[in-house]
Number of protein chains: 2
Amino acid sequence: MPGDQKSSAASVDPEQLWLRPTEFRRGRRPSFSREAITEAAVALADAEGLEAVTMRRVAARVGAGVMSLYSYAPDKETLLELMVDHVSGELAVTGPPSGDWRTDLKTVAHLQRAHMLRHPWLPAALTTRRVPGPNTLAFLEHALAVLRPTRLDGAAKLEVFAQLTAFVAGHVAHEIAQAAAARSPERAAAEARYLAAVAADGHHPELAEALSAPGRPLTAEATFTRFLGRLIDGLDAD
Amino acid sequence: MPGDQKSSAASVDPEQLWLRPTEFRRGRRPSFSREAITEAAVALADAEGLEAVTMRRVAARVGAGVMSLYSYAPDKETLLELMVDHVSGELAVTGPPSGDWRTDLKTVAHLQRAHMLRHPWLPAALTTRRVPGPNTLAFLEHALAVLRPTRLDGAAKLEVFAQLTAFVAGHVAHEIAQAAAARSPERAAAEARYLAAVAADGHHPELAEALSAPGRPLTAEATFTRFLGRLIDGLDAD
DNA sequence: CTCATTTCCGTACGATGTACGAGAATAGAG
DNA sequence: CTCTATTCTCGTACATCGTACGGAAATGAG
């Protein structure tokens with residue numbers, strides 16, 4: 001493979017991934033399943049973070065040999081893709097759109113946020129992964145239905161969904177980092193001391209003022225709702 | 001370290017990172033420098049992506065032994081942090097705020113977008129990294145100055161900057177993925193075939209319609225500008 | 001000089017993703 | 001039934017990764 005420029009783009013064949021023939025099989029019966037393996041990987045990521053998801057640990061969790069996993073997914077990248085779509089199955093759609101598409105779209109975003117908070121590895125995983133599986137597509141279908149009352153064309157609707165997802169992922173990544181910092185007081189104190197030192201150097205007057213006049217503390221939820229409102233209420237202006 | 005829950009949160013001591021004593025030194029004179037090492041790492045990431053940044057390759061690029069790098073950065077995580085801040089030095093601020101803070105803030109976002117497009121590994125790196133270095137702080141200082149005409153309190157201003165950065169990173173990550181897919185026609189065709197197959201299964205009528213009525217193709221720049229406008233013009237409503 | 005201090009880096013170790021290929025299990029053909 | 005093709009299982013092996021360790025080399029202080 002000459003000039004293999006993988007950069008940071010995922011490279012998984014969607015057809016081989018999602019359109020595998022579930023048909024007739026000769027040979028030995030499978031001892032495990034894609035689902036069981038994916039669930040094990042998700043459980044690991046939920047409990048210990050994405051970097052705990054190693055082929056060895058996943059295999060141990062399902063009781064398989066390491067190399068057996070490769071009968072179900074051609075490589076680890078694919079397994080990550082399976083994980084992302086698997087948890088998207090939890091994005092239970094609450095019913096048909098109400099007709100008030102702005103409210104519906106906000107509900108969609110709030111669902112996504114709760115979902116990503118439950119699986120904190122999702123924002124990082126989504127940065128690269130980009131082949132929508134069946135569960136992701138079901139949710140996308142719902143989002144498109146929500147957008148039907150708008151007069152956006154197809155490409156624009158897809159773009160709105162992608163932007164919304166990116167926005168939620170970005171917000172939740174930040175939210176998670178804040179929460180993690182707060183959970184480790186030693187680290188939080190070190191960071192506070194560092195920022196205080198910077199603010200005291202005289203070269204950052206705006207930062208100094210911002211830190212000294214913090215205002216009321218904002219909940220992450222309130223911040224999210226506010227920015228989401230700005231984003232969505234401004235939509236369809238053209 | 002009991003209960004080491006690292007999850008996906010970075011864990012670098014900001015004081016040891018950015019407040020190192022550059023003072024008097026006894027012992028042997030350094031043969032390299034943080035800057036040279038960081039630049040080598042950045043060059044690697046720019047050319048071949050984040051995953052090409054290995055200690056061995058960075059060392060080879062600066063002409064050092066692998067373990068010599070550890071005299072300049074305690075671990076790879078720290079080196080990544082250095083990379084992020086190093087490239088932030090390119091975010092040249094164009095001058096004092098004009099007074100029209102909405103326009104200024106849009107300029108800030110456009111600067112960030114161009115910056116991330118020049119260093120496509122940045123969105124992924126920013127998902128985890130969260131200790132602002134001097135260059136990042138200089139840019140933050142500018143952003144805060146831009147927000148001075150608003151009557152937001154300190155915490156709110158910081159939140160606006162974080163959200164804006166997250167939004168830009170999310171958009172650019174998506175933009176990069178699109179561009180990468182377009183650059184590999186084989187992959188793009190496979191994905192198109194896959195989506196067409198899904199749309200043809202009858203269970204995704206909205207998707208089918210969105211794909212069949214794409215509308216005029218949108219440039220990434222235009223999409224960015226549009227969503228950015230929505231986000232910023234809605235600001236300060238309360 | 002001596003000695004404390006700092007940098008340099010070869011070697012080595014554990015962990016990772018996965019290529020390879022030998023065995024085991026199963027279904028159809030005869 | 002036997003034979004053969006097919007499929008799954010997984011132990012072994014390897015390249016590559018981050019980095020711990022410790023000795024050699026260089027430098028400033030006393």
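Values below: every heavy atom of this structure, side chains too, minus hydrogens, waters and symmetry copies. Labels below follow one simple rule: chain letters A, B, ... track the order of the sequence lines, proteins then strands, and each chain is numbered from 1.
Between the side chains of B:T223 and A:Q163, not a single donor N or O lies within less than 3.5 Å of an accepting N or O. B:N135 and B:H86 form no side-chain donor-acceptor contact under 3.5 Å, judged by distance and modelled atom types alone.
Interatomic distance, B:L137 CG to A:H204 NE2, rounded to the nearest 0.5 Å: 5.0 Å.
Evaluation of the salt bridge (Lys or Arg N to Asp or Glu O under 4.0 Å) test over residues 108-121 of chain A, restricted to residues two or more places apart or in two chains, returns A:E90-A:R118, A:R113-A:E175, A:R113-A:E221. Applying the side chain to side chain donor-acceptor pair (under 3.5 Å) rule to pairs touching residues 57-74 of chain B yields B:E48-B:R57, sequence neighbours excluded.
In this model, the phosphate group of C:dC9 is approached by a side-chain N or O of B:S68 to a distance below 4.0 Å at OP1 or OP2.
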task = Take B:D85 and B:W18 through the test side-chain hydrogen bond (donor to acceptor under 3.5 Å, both in side chains) and record every step on the way to the result.
result = CA-CA 10 Å; B:D85 193 70; B:W18 299 117; over 6 Å; no

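Rounded to an integer number of Å, the gap from CG of B:D75 to C1' of D:dA20 is 13 Å. The distance from atom CG of A:L69 to atom C1' of C:dG17 is 11 Å, rounded to the nearest whole Å. Between the CZ atom of B:R26 and the C1' atom of C:dT2 there is a distance of 13 Å, given to the nearest Å. Protein atom CD of B:E77 is 12 Å distant from nucleotide atom P of D:dG18, rounded to whole Å. For the pair B:R29 CZ and C:dT7 P, the computed distance is 12 Å after rounding to whole Å.
Side-chain proximity of B:S71 to C:dT7, D:dG18, C:dA4: nearest is C:dT7. Of the candidates D:dC10, D:dC17, C:dT18, the closest approach to any side-chain atom of A:A64 belongs to D:dC10. Side-chain proximity of B:M67 to D:dT9, C:dG28, C:dT11: nearest is C:dT11. The side chain of A:Y70 lies closest to C:dG17, out of C:dC20, C:dT7, C:dG17. Distances from the side chain of B:K76 to the nucleotides D:dC8, D:dG18, D:dG28 place D:dG18 closest. In the set C:dG23, D:dA25, D:dG18, the nucleotide with an atom closest to the side chain of A:R28 is C:dG23. Distances from the side chain of B:R56 to the nucleotides D:dG18, C:dC8, C:dG17 place D:dG18 closest. Residue A:T54 has its side chain nearest to C:dG17 when only C:dG17, C:dT26, D:dT9 are considered.
Positionally, the nearest nucleotide of DNA chain C for B:G27 lies more toward the 5' end than for the other of B:G27 and B:Y72. Both B:M55 and A:V66 lie near DNA chain D, and the one whose nearest nucleotide falls closer to the 5' end is A:V66.
The aromatic rings of B:H115 and B:H119 sit perpendicular to each other, their planes meeting at more than 60°, with 30° as the lower class boundary.
Using a 4.0 Å heavy-atom cutoff across all strands shown, A:V58 reaches no nucleic acid atom at all. Using a 4.0 Å heavy-atom criterion, one finds that B:G65 contacts the sugar-phosphate atoms exclusively.
The stretch residues 31-42 of chain B has no heavy atom under 4.0 Å from DNA chain D, so no residue of it qualifies as close.
In plain terms, the two heavy atoms of B:W121 and B:D46 that are nearest each other are NE1-OD1, 2.7 Å.
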